[in-house]
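The next block holds one structure in the form of structure tokens; read it before the comments.
None of the values given here were measured: they were computed from a predicted structure. When a ligand or atom number is given, it counts from 1 through the structure's own listing order.
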Amino acid sequence: MAEGDRRRWDERYTARGAPPVSAVDPPDLLARHAKEFPAAGRALDLACGQGAGAVWLARRGLDVRGFDVSAVAIDQAREVARLAGVAERCHFEVYDLDDGLPPGPPVDVILCHKFRDRRLDGAIIDRLAPGGLLAIAALSEVGATPGPFRAAPGELPAAFAPLERIAGGEGDGHAWLLARRAR
Ligand SMILES: C[S@@+](CC[C@H](N)C(=O)[O-])C[C@H]1O[C@@H](n2cnc3c(N)ncnc32)[C@H](O)[C@@H]1O
């Protein structure tokens with residue numbers, strides 16, 4: 001990622017500040033489909049930001065690796081995990097996903113919330129263990145003005161067609177998908 005873009009994310013998170021734990025709500029996609037998520041195993045949170053999704057997964061019992069290009073966001077995510085009492089199950093790293101997925105073993109959950117990089121799609125599918133769950137949400141062109149960072153109509157189900165769709169939708173400028181790798 002360009003240095004200027006990274007700096008902008010840092011500035012945004014610095015201005016926002018770390019949220020109090022009481023205000024760390026999980027993304028809707030997780031809260032609405034909680035019963036689909038395992039309560040143990042390994043998870044990745046791609047572009048984790050301040051770690052709300054990772055902390056939710058860790059509270060469920062998963063061991064989570066969260067990656068984000070913003071060092072400020074990663075510091076805040078570590079602090080949120082510590083205050084939530086799940087620091088030992090959360091490992092956050094500054095990492096540029098332009099370089100692809102960091103190496104590691106197959107995982108039971110991949111969360112990719114409000115971040116879209118089509119170049120990662122194949123690696124995400126390959127990284128899921130049998131029965132592993134993908135939860136992905138992105139900006140969408142459906143119900144919004146088309147733009148380079150927005151998923152085209154039907155893009156997520158098409159990109160992750162090798163997975164079994166559990167739920168998904170698009171509208172109001174958002175697209176989301178919950179899908180599982182075959183056992
Ligand atoms: C809209 S925020 C979403 C954060 C979090 N997933 C959430 O739902 O709150 C997008 C995140 O992507 C991160 N990001 C952008 N480009 C990235 C890259 N190339 N590698 C890693 N993280 C990146 C930003 O730093 C930011 O935290």
>> Working note: Asp5 + Arg8, criterion salt bridge (charged side-chain N to carboxylate O under 4.0 Å, His left out); need CA distance, chi angles, decisive distance, verdict.
In response: CA-CA 5 Å; Asp5 292 337; Arg8 269 188 288 282; 2.7 Å; yes
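- In terms of protein heavy atoms, atom 17 (C) of ligand 1 is closest to Phe115 CE1, 3.6 Å.
- In this structure, atom 3 (C) of ligand 1 lies nearest to the protein heavy atom His113 O, 3.6 Å.
- With rounding to the nearest 0.5 angstrom, the CD1 atom of Ile124 is 4.5 Å from the CZ atom of Phe160.
- Ion pairing of Arg7 with Asp10 is absent here, as no side-chain N (NZ or NE/NH1/NH2) approaches a carboxylate O to less than 4.0 Å.
- The pair Asp75-Arg78 meets the salt-bridge criterion, since a charged nitrogen lies less than 4.0 angstrom from a carboxylate oxygen.
- A distance of 11.5 Å separates CD of Glu79 from CD of Gln50, quoted to the nearest 0.5 Å.
- Asp108 has no carboxylate O lying under 4.0 Å from a charged side-chain N of Arg180, or vice versa, which leaves the two without a salt bridge.
- Close approach of ligand 1 to Tyr13 (heavy-atom distance below 4.0 Å) involves ligand atoms 2 (S), 4 (C), 26 (C), 27 (O).
- Of the protein's non-hydrogen atoms, Lys114 O, 3.4 Å is the one closest to atom 1 (C) of ligand 1.
- Protein heavy atom closest to atom 19 (N) of ligand 1, with residue, atom name and distance, is Asp96 OD1, 2.9 Å.
- Polar contact check, Leu97 against ligand 1: a nitrogen or oxygen pair lies under 3.5 Å apart.
- Among all non-hydrogen protein atoms, the one lying nearest atom 11 (C) of ligand 1 is Asp68 OD2, 3.8 Å.
- When hydrogens are left out, the protein atom nearest atom 16 (N) of ligand 1 is Met1 CE, 3.1 Å; that is the closest non-hydrogen contact.
- Numbered from 1 in the order shown, with element, the atoms of ligand 1 that lie under 4.0 Å from a heavy atom of Asp98 read 19 (N).
- Using a 4.0 Å cut-off to heavy atoms of Tyr95, the atoms of ligand 1 that qualify are 20 (N), 21 (C).
- Per-atom contact check: atom 9 (O) of ligand 1 does not touch the protein, criterion being a heavy-atom distance below 4.0 Å.
- Scanning all protein heavy atoms for the shortest distance to atom 4 (C) of ligand 1 gives Ala47 O, 3.4 Å.
- Nearest non-hydrogen protein atom to atom 23 (C) of ligand 1 is Val69 CG1, 3.6 Å.
- For the atom pair Leu29 CG and Leu111 CG, the distance stands at 7.5 Å (nearest 0.5 Å).
- Under a 4.0 Å heavy-atom criterion, Cys48 is in contact with ligand 1.
- For ligand 1, none of its N or O atoms has an N or O atom of Asp45 under 3.5 Å away.
- For Trp56 and His113, the ring centers are positioned 6.0 Å apart or more.
- The side-chain tip of Arg6 does not point at the ring of Trp9 from less than 6.0 angstrom away and within 45° of straight on.
- For CG of Asp99, the number of neighbouring non-hydrogen atoms (other residues, nucleotides, ligands) closer than 6.0 Å is greater than 12.
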